[in-house]
Amino acid sequence: MMAALSAWFWNERFWLPHNVTWADLADPAPGVEYPKAGHLFTALPLALGIFAVRILFERFIASACARSLHIQPGVGRRAQPNAVLEKVFTSITKNPDSRHLDGLSKQLDWEVRKVQRWFRHRRNQDKPSTHTKFCESMWRFTFYLCIFTYGFQFLWQSPWMWDTRHCWYGYPYQVMTTGLYHYYVTELAFYWSLMFSQFTDIKRKDFLIMFIHHLATVGLISFSYVNNMVRVGSLVMCVHDASDFLLEAAKLANYAKYQCLCDFLFIVFSVVFFITRLFIFPVWILNSTMFESWAIVGPYPSWWLFNFLLLVLQVLHIIWSYLIARIAIKAILRGKVCNDVRSDIESSSEEEPDTPTGGLKNSSHTPKGENGTNGHCAAAKTRAQNHSSW
C-alpha cells in the first residue's frame, strides 16, 4: 500500500520534464550532486538549532538592547483572582456586552465600571508586552538581514541573476552547489522554526493564519527544491527577503518610540516592496518561469502548478501593495497615521487604557491584536509577513 502511494506521489510524469526519469538524476557523475527530497530532512534539526539560537538571542542580546532603549519587560497590571469572572472570560466571552456586565455587577455586588476594568486587565494579561514584541522583531530583523545579505552576495556571483535563461539551460541536470544548498536549507529551516515557535510564543489572534502561511512557505520551498527549480527559487526568495528586514527595522523604531525614524523606514519599506513585488517579480521572475522556461524546457504538470502558485502570489502582491500604499499616502498627508487608520489595517497589542480617553466614539477605533504601538510601521505587518509564501 505504501509503495503504491509513494509511486503515485512521485510520479515522474508529474514532477519531471518529458523523457526524464528519477533514475537519470539518481547517479550523477563523481563530484556532482542534484537536489533530492531526502536533503530536506536536514532542515528539521537545523530548525531546532535556529529556534534555540532565537531563544538565546532574545534573552541576552535583544532584551539588553530593549532595556538600553528604556523598553522594560515589566508585567502589566493583573486582574485580581475571581472565579466567577474567570469562568465567564474563558468559556463565554472576553468582551461582555452591557447585559452581561449588568448581570455580573449584580451577582458580585460590584460597580459595572469595576467589572469592565477587570475584563480589561484580564485581556491585557494575554497580550505580549512591547518588550516581548521588540525582542521578536529584533530576532527577525537580524535573521532577515543576514539571509538577504548572504543570498544577494551568492546570487551576485551566479550567472542566472544576470541572465535568467540560465535557470533553465540544462534543466533538470543542474548541479546543486554548496552555497545554493545552504541558502535553501537555511530559509526552509527558518520557516520550520517559526512553525515550532508558534506553539511556545504567546498565542495571538492570527495564529491560524500565520501557521497556514508558514506551512505554505515550507511547501513551496520544498516543492521547488524537489523538482530542481532551485535557481529561479533562489531569485524568488531573494526578492521577497529584500523588504522583510526593513519592515522589522521600522517596527523596532516604532516600539522604541522613534516616530520619525519609524515613518522614514516605513516609506523606504513601501518603496522597496512596490519595486520588488510589482516590477521585479513579474518582469524578471514570472517572465522567466512562464516564457523563457517554455521556450527552453517546455511545459509539464509540475511546471503548470509552479507557475499557477507564482501567479497567485503576484495577485497577493497587488492586494498587499494597494493596502500598504493606502497607509503610506495617509501617512504622508497627515504626517502620522491616526487610530482609525490603524484599526482598518491591523490589530495592536498595546494595553487597553484603564480609563477611556475618547468615550464610545473612539472606542470603535481602538486597535486590537498582535502588533504595533503607534502608527503605520506596525500596521502593515500582517500583509508584509504574509507576502512571502517563500
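None of the values given here were measured: they were computed from a predicted structure.
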> Quick one: does Thr276's side chain have a donor or acceptor within less than 3.5 Å of a partner on Phe273's backbone?
Replying inline: yes
> Atom CD1 in Ile92, atom CG in Leu85: separation rounded to 0.5 Å?
Replying inline: 10.5 Å
> Do side-chain atoms of Glu33 reach the backbone of Met176 as a donor and acceptor pair under 3.5 angstrom?
Replying inline: no
> Would Glu187 and Asp241 count as a side-chain contact (heavy atoms from CB on, under 4.5 Å) if you check the C-alpha gap in whole Å, the side-chain angles of each, and the deciding distance to 0.1 Å?
Replying inline: CA-CA 10 Å; Glu187 286 268 15; Asp241 290 339; 2.4 Å; yes
> Out of curiosity, does Val175 fall in the hydrophobic cluster containing Trp22 (side-chain heavy atoms, cut-off under 4.5 Å, transitive links)?
Replying inline: yes
> Any idea which heavy atoms bring Phe41 and Pro45 closest together, and the distance?
Replying inline: O-CD, 3.2 Å
> Looking at Glu58 and Trp139, what are the two nearest heavy atoms and their distance?
Replying inline: OE2-CB, 3.9 Å
> Taking Trp118 for the side chain and Pro81 for the main chain, is one N or O donor matched with an acceptor at less than 3.5 Å?
Replying inline: no
>> Could you check whether any side-chain heavy atom of Pro17 comes within less than 4.5 Å of a side-chain heavy atom of Pro172, counting everything from C-beta outward?
In response: yes
> Should Leu108 and Asn82 count as side-chain neighbours, where that means a heavy-atom distance under 4.5 Å?
Replying inline: yes
> Could you go step by step and tell me if Leu155 and Trp160 meet the side-chain contact (heavy atoms from CB on, under 4.5 Å) rule?
Replying inline: CA-CA 8 Å; Leu155 289 172; Trp160 59 90; 3.4 Å; yes
> Would you call Met237 and His240 a side-chain contact if the rule is heavy atoms closer than 4.5 Å?
Replying inline: no
> Out of Tyr144, Phe143, Phe148, which one pairs with Phe245 under the ring pair (Phe, Tyr, Trp, His ring centres under 6.0 Å) rule?
Replying inline: Phe148
>> Between Glu136 and Thr132, is the side-chain contact (heavy atoms from CB on, under 4.5 Å) condition met? List the steps.
In response: CA-CA 6 Å; Glu136 290 181 357; Thr132 299; 3.9 Å; yes
> Do side-chain atoms of Ser234 reach the backbone of Arg231 as a donor and acceptor pair under 3.5 angstrom?
Replying inline: yes
>> Give me the atom names and distance for the closest heavy-atom approach of Gln314 to Pro282.
In response: OE1-CD, 3.8 Å
>> Evaluate Asp244 against Arg140 for side-chain contact (heavy atoms from CB on, under 4.5 Å), listing each step before the verdict.
In response: CA-CA 9 Å; Asp244 285 347; Arg140 288 194 294 266; over 6 Å; no
> Are any side-chain N or O atoms of Ser137 and backbone N or O atoms of Phe134, one a donor and one an acceptor, separated by less than 3.5 Å?
Replying inline: no
> Taking C-beta and beyond as the side chain, do Val226 and Leu40 meet within less than 4.5 Å on heavy atoms?
Replying inline: yes
>> Whether the side chain of Ser224 engages the backbone of Leu220 through a donor-acceptor N/O pair (distance < 3.5 Å, no angle test) should be reported.
In response: yes
> Hey, does the side chain of Ser193 reach the backbone of Phe190 with a donor-acceptor pair shorter than 3.5 angstrom?
Replying inline: yes
> Are Phe306 and Val232 close enough that some pair of their side-chain heavy atoms sits under 4.5 Å apart?
Replying inline: yes
>> Do Leu188 and Thr186 make a side-chain contact, defined as non-hydrogen atoms from C-beta onward lying under 4.5 Å apart?
In response: no
> For the residue pair Val239 and Ile280, what are the closest heavy atoms and their distance?
Replying inline: CG2-CG2, 3.9 Å
> Is there a chain of hydrophobic side chains (I, L, V, M, F, W, Y, each step under 4.5 Å between heavy atoms) that links Ile221 to Phe51?
Replying inline: no
>> Could you measure the distance from the OG1 atom of Thr130 to the CG atom of Leu69? Nearest 0.5 Å is fine.
In response: 12.5 Å
> Does Arg277 offer a backbone N or O that forms a donor-acceptor pair with the side chain of Trp320 under 3.5 Å?
Replying inline: no
> Is there a donor-acceptor contact under 3.5 Å from the side chain of Tyr173 to the main chain of Pro28?
Replying inline: no
> When the ring planes of Phe119 and Phe89 are compared, do they come out parallel, tilted or perpendicular, using 30° and 60° as the limits?
Replying inline: tilted
>> Tell me whether the count of non-hydrogen atoms from other residues, nucleotides or ligands lying under 6.0 Å of CH2 in Trp156 goes above 12.
In response: no
> Can you say whether the rings of Phe223 and Trp15 are parallel (under 30°), tilted (30 to 60°) or perpendicular (over 60°)?
Replying inline: tilted
> Are Trp304 and Phe14 close enough that their ring centers fall under 6.0 Å?
Replying inline: no
> Do you reckon Phe199 sits in the same ILVMFWY cluster as Ile55, going by side-chain contacts under 4.5 Å, direct or chained?
Replying inline: no
> Side chain of Asn11, backbone of Trp8: donor and acceptor closer than 3.5 Å?
Replying inline: no
> What distance separates Gln116 CD from Ser98 OG, expressed to the nearest 0.5 Å?
Replying inline: 9.5 Å
> Does the side chain of Leu323 come within less than 4.5 Å of Ile319's, by heavy atoms?
Replying inline: yes
> Taking the six-membered ring where the residue is Trp, are the ring centres of Tyr184 and Tyr225 under 6.0 Å apart?
Replying inline: yes
>> Taking Met138 as the starting point, is it possible to reach Leu56 by hopping between hydrophobic residues whose side chains are less than 4.5 Å apart?
In response: no
> For atom NZ of Lys94, is the number of surrounding heavy atoms from other residues, nucleotides or ligands below 6.0 Å larger than 12?
Replying inline: no
> Rounded to the nearest 0.5 Å, what separation is found between the CD1 atom of Ile327 and the OG atom of Ser270?
Replying inline: 7.5 Å
> For the ring pair Phe264 and Tyr258, is the centre-to-centre distance below 6.0 Å?
Replying inline: no
> Taking all atoms of both residues into account, what is the closest heavy-atom pair of Pro35 and Gln174, and its distance?
Replying inline: CD-O, 4.2 Å
> His317 versus Leu313: any side-chain heavy-atom pair under 4.5 Å?
Replying inline: yes
> Do Trp303 and Phe9 belong to the same hydrophobic cluster, where Ile, Leu, Val, Met, Phe, Trp and Tyr are linked whenever their side-chain heavy atoms lie under 4.5 Å apart, directly or via other members?
Replying inline: yes
> Under the side-chain hydrogen bond (donor to acceptor under 3.5 Å, both in side chains) rule, what pairs show up with a residue in residues 163-172, not counting sequence neighbours?
Replying inline: Asp163-Arg165, Thr164-Glu292, Trp168-Ser288, Tyr171-Tyr300
> What distance do Ser222 atom OG and Asn227 atom CG have between them, rounded to the nearest 0.5 Å?
Replying inline: 11.0 Å
> Which heavy atom in Ala66 sits nearest to a heavy atom in His131, and how many Å separate them?
Replying inline: CB-CD2, 3.6 Å
>> So, taking the atom named CZ in Phe57 and the one named OG in Ser63, what distance separates them when rounded to the nearest 0.5 Å?
In response: 11.0 Å
> When you check the side-chain N and O atoms of Ser197 and Arg54, is any donor under 3.5 Å from an acceptor?
Replying inline: yes
>> Assess, by modelled atom type and distance only, whether the side chains of Asp263 and Gln259 contain a donor and an acceptor separated by less than 3.5 Å.
In response: yes
>> Can you pull out every side-chain hydrogen bond (donor to acceptor under 3.5 Å, both in side chains) where at least one residue sits in residues 100-112? Sequence neighbours excluded, please.
In response: Asp97-His100
